[in-house]
Protein chains: 2
Amino acid sequence: MRVDSVPEATLRRLPSYYHYLLRLREKGQEATSAAQIGAALGVHHTQVRKDLAVTGSQGRPKVGHRVDDLIASIEEFLNWNNVSDAFLVGAGHLGTALLGYAGFERAGVRIVAAFDASPRRAGRKVQGVPVLPVEKLPDLARRMHIAIGILTVPADEAQAVAEMMVGAGIQAIWNFAPIVLDLPEAVIVEDVALYSSLGVLSRKLAVRRKAASGKGSAGTGP
Amino acid sequence: MRVDSVPEATLRRLPSYYHYLLRLREKGQEATSAAQIGAALGVHHTQVRKDLAVTGSQGRPKVGHRVDDLIASIEEFLNWNNVSDAFLVGAGHLGTALLGYAGFERAGVRIVAAFDASPRRAGRKVQGVPVLPVEKLPDLARRMHIAIGILTVPADEAQAVAEMMVGAGIQAIWNFAPIVLDLPEAVIVEDVALYSSLGVLSRKLAVRRKAASGKGSAGTGP
DNA sequence: TTTTTATCGAGATGTTTTTCTCGATATATC
DNA sequence: GATATATCGAGAAAAACATCTCGATAAAAA
Ligand SMILES: NC(=O)c1ccc[n+]([C@@H]2O[C@H](COP(=O)([O-])OP(=O)(O)OC[C@H]3O[C@@H](n4cnc5c(N)ncnc54)[C@H](O)[C@@H]3O)[C@@H](O)[C@H]2O)c1
Ligand SMILES: NC(=O)c1ccc[n+]([C@@H]2O[C@H](COP(=O)([O-])OP(=O)(O)OC[C@H]3O[C@@H](n4cnc5c(N)ncnc54)[C@H](O)[C@@H]3O)[C@@H](O)[C@H]2O)c1
């Protein structure tokens, strides 16, 4: 039984509609249709309608949806209008890039502090965000009621750090390490599996090359 | 009709199996089973079997698969044993993080040069990779037969840069900008939609909170 | 005012993906 | 050598997801 009966595929598409709508608004367009959104983003228009329906937004025949309303509906649905404070652990290459990114606030996440085990990293500020020794995380997370943790430590450390986060009351983890965390079911984990992307890319490219250089179909062998 | 009849979901899971297998090998384990992999990664064991089957690897009853063989099969299937040279465009926060990452070579991708429009960035080396003026990309890409482009420029610039890449013979684009590129069908595009992750995370967290604070089911309204 | 048309939304249908079921088999134990 | 068991792999069933179809409706055009 699903608590939330909205397909996850829909949740994944909504942000892309959202960004498209922001661009439409910037260009001064006031209304749009499922057909327009679908054509721009490569999604079938009926699918767009179903997706938008879950946000509660209603369109009108012949006019479509007001861009402003749609943006507001998606924001509300994803709770992107309420910014939550987040902690980031692992202020290395990737962690630093995330700290330097302004776009997450629009997606409901504000990184208020970063943590690192290395004394070289801790103590500084990166992009205005303080980097603290990781030992300070549990106490601070509890006191600040932090709900979101961003995990950008090496894979070997990820499980231990995740457990520390959960122990400190963090409820949702955005995990960039290429590992599946073993945590209580109640914890929300979203993996950013960059390698998955590369798997698809690499395989498709290989198939394309094979097809180009003579033999037709794919597969490991005949 | 699909040229390549392997489900994309399978392609996305294989890298995660791969990393798990590397860890098993490091620990000295010689054989494993679909059940073990599935339990570790939260995938049903029959699903794991189907996924591994596409790589051509065969297991034996009562023993399972040799870890080494599986690793080799996945590498071959994804073409991760042949490293392709790639160009990265946009040596900003995110681009720099990617340049500093050693792990991609194992996934068949070696970034051999980066490009940027800003004169402040171009001319330096980042993590040993030269950063060049973006104007030099087309000629170099052609001469070096670059097949993969990594796109880490702001969303506004992404379409134009992608077109430049395609014009220079690049066949596959790994796109980090939050925009859907409009390119010839033949070009392979893999989007890393970080916001999709955040959509799911944020929504789940909101639903969880709503559930906790009284009312049961989710939804925008009654 | 009537007709045309773009769009919506609901439900039916089709496709893809995941899970379940079960017989086969190689190894280990008795 | 016979029996038990962990594992595989193939096919059936179920679930999730996407697409198709069609009547309704509001705006625009005739
Ligand atoms: N950089 C990338 O482009 C990239 C791409 C894909 C995946 N990843 C993944 O992201 C993670 C980070 O990658 P990176 O390139 O930023 O690595 P990195 O080595 O640059 O940074 C890791 C940081 O984590 C810190 N750290 C280590 N153990 C810690 C602990 N127990 N507590 C707190 N901090 C700790 C280190 O001091 C370091 O600053 C890795 O899991 C990597 O696999 C990175
Ligand atoms: N940094 C993150 O954590 C993050 C997260 C999600 C998405 N993204 C996306 O990744 C992209 C890059 O983000 P960032 O934070 O690294 O931005 P950034 O501004 O730090 O870097 C962008 C770089 O691209 C260069 N550039 C701009 N136009 C160019 C052009 N036409 N040709 C070549 N180079 C050009 C700029 O000089 C700059 O160095 C953006 O699309 C952003 O939305 C970034």
Side-chain angles (χ1 to χ4, degrees), chain A residues 1-14 16-17 21 24 29-67 69-70 73-74 77 180 196 199-200 203 219-221, chain B residues 1-14 16-17 21 24 29-67 69-70 73-74 180 196 199-200 203-204 219-221:
Chain A
M1 197 199 314
R2 259 202 290 184
V3 179
D4 177 3
S5 72
V6 177
E8 199 165 300
T10 293
L11 294 183
R12 290 194 188 284
R13 278 187 299 262
L14 285 173
S16 116
Y17 301 162
L21 291 164
L24 284 188
Q29 192 174 324
E30 298 201 340
T32 185
S33 67
Q36 184 181 29
I37 297 173
L41 304 183
V43 180
H44 198 106
H45 60 98
T46 54
Q47 184 67 69
V48 176
R49 279 196 202 102
K50 281 200 204 311
D51 289 342
L52 296 182
V54 307
T55 70
S57 176
Q58 296 229 51
R60 282 194 310 171
K62 190 84 181 190
V63 220
H65 300 254
R66 289 185 46 77
V67 173
D69 292 354
L70 265 189
S73 299
I74 295 177
F77 180 78
V180 175
S196 294
V200 178
R203 168 71 189 173
T220 306
Chain B
M1 195 198 318
R2 258 201 291 185
V3 179
D4 180 1
S5 72
V6 177
E8 199 164 303
T10 293
L11 295 182
R12 290 193 190 284
R13 279 186 297 262
L14 284 173
S16 114
Y17 300 164
L21 291 165
L24 283 187
Q29 192 174 323
E30 299 200 339
T32 185
S33 66
Q36 184 182 25
I37 298 173
L41 304 182
V43 180
H44 198 105
H45 59 97
T46 54
Q47 185 67 67
V48 176
R49 277 194 204 102
K50 282 199 202 314
D51 290 341
L52 296 182
V54 307
T55 71
S57 176
Q58 296 229 47
R60 285 195 307 172
K62 189 83 182 188
V63 218
H65 299 253
R66 287 187 46 79
V67 173
D69 293 353
L70 265 188
S73 298
I74 295 176
V180 175
S196 294
V200 178
R203 169 70 188 174
K204 285 189 180 169
T220 305

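Proteins come first, then strands; the chains are lettered A, B, ... in the order of their sequence lines, and each starts at number 1. Hydrogens, waters and symmetry mates are skipped; everything else that's a heavy atom, side chains included, is used.
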Revision key, fill the gap. In terms of heavy-atom contacts, A/V63 and A/A31 come closest through O-CB, 4.0 Å
Study note, to complete from the structure: Nearest heavy-atom contact between A/F77 and B/R203 is O-NH1, 3.2 Å
Practice item. Remember a base hit wins even if backbone is also touched, and classify A/R13 as base, sugar-phosphate or nothing at under 4.0 Å, heavy atoms. Key: sugar-phosphate
Review point. Taking all non-hydrogen atoms of both residues, which atom of B/L21 and which atom of B/V67 are closest, and how far apart?
Key: O-CG1, 3.7 Å
Check your understanding: How many Å lie between CZ on B/R12 and P on C/dT18, as a whole number?
Key -> 12 Å
Practice item. Start with the C-alpha distance between B/I37 and B/L70, add both sets of side-chain angles, then the distance that settles side-chain contact (heavy atoms from CB on, under 4.5 Å), and finish with yes or no. Key: CA-CA 12 Å; B/I37 298 173; B/L70 265 188; 4.1 Å; yes
Practice item. Write down the distance between NE2 (B/H65) and P (D/dA6), rounded to a whole number of angstrom. Key: 17 Å
Exercise for review: Take atom CD of B/Q47 and atom C1' of C/dT21, then tell me their distance rounded to the nearest Å.
Suggested key: 16 Å
Study note, to complete from the structure: Protein-proximity profile, nucleotides 21-30 of chain D, B/S/- by nucleotide at the 4.0 Å heavy-atom cutoff, equals B---BBS---
Review point. Are B/Q58 and D/dG9 close enough that a side-chain N or O sits under 4.0 Å from OP1 or OP2?
Key: yes
Check your understanding: For the pair made of CG in A/L52 and P in C/dC8, what is the distance, rounded to whole Å?
Key -> 9 Å
**Study point:** Angle of first-five versus last-five pair axes in the helix from C/dT1-D/dA30 to C/dC30-D/dG1, to 10 degrees
**Key:** 10°
**Study point:** Sequence-distant partners of A/R12, side chain to side chain contact (heavy atoms under 4.5 Å, CB included), two or more places apart
**Key:** A/E8, A/E190, B/S196, B/V200
Check your understanding: What is the minimum heavy-atom distance between A/D51 and A/V54, and which atoms define it?
Key -> O-CG2, 3.0 Å
Check your understanding: What are the two closest heavy atoms between A/L41 and A/Y17, and how far apart are they?
Key -> CD1-CD2, 3.5 Å
Review point. By side chain to side chain contact (heavy atoms under 4.5 Å, CB included), which residues pair with A/S33, not counting sequence neighbours?
Key: A/A35, A/Q36
Study note, to complete from the structure: In whole angstroms, the gap separating P of C/dT16 from NZ of B/K50 amounts to 15 Å
Check your understanding: With a cut-off of 6.0 Å (strictly less than), are more than 12 heavy atoms of other residues, nucleotides or ligands near CD of A/E30?
Key -> no
**Study point:** Straight-line distance of B/L52 CG to B/R13 CZ, nearest 0.5 Å
**Key:** 10.0 Å
Review point. Tell me, which of residues 29-37 of chain B have any heavy atom that sits under 4.0 Å from an atom in DNA chain D?
Key: B/S33, B/A34
**Study point:** Partner residues of A/R49 under the side chain to side chain contact (heavy atoms under 4.5 Å, CB included) criterion, sequence neighbours left out
**Key:** A/A34, A/H45, A/T46
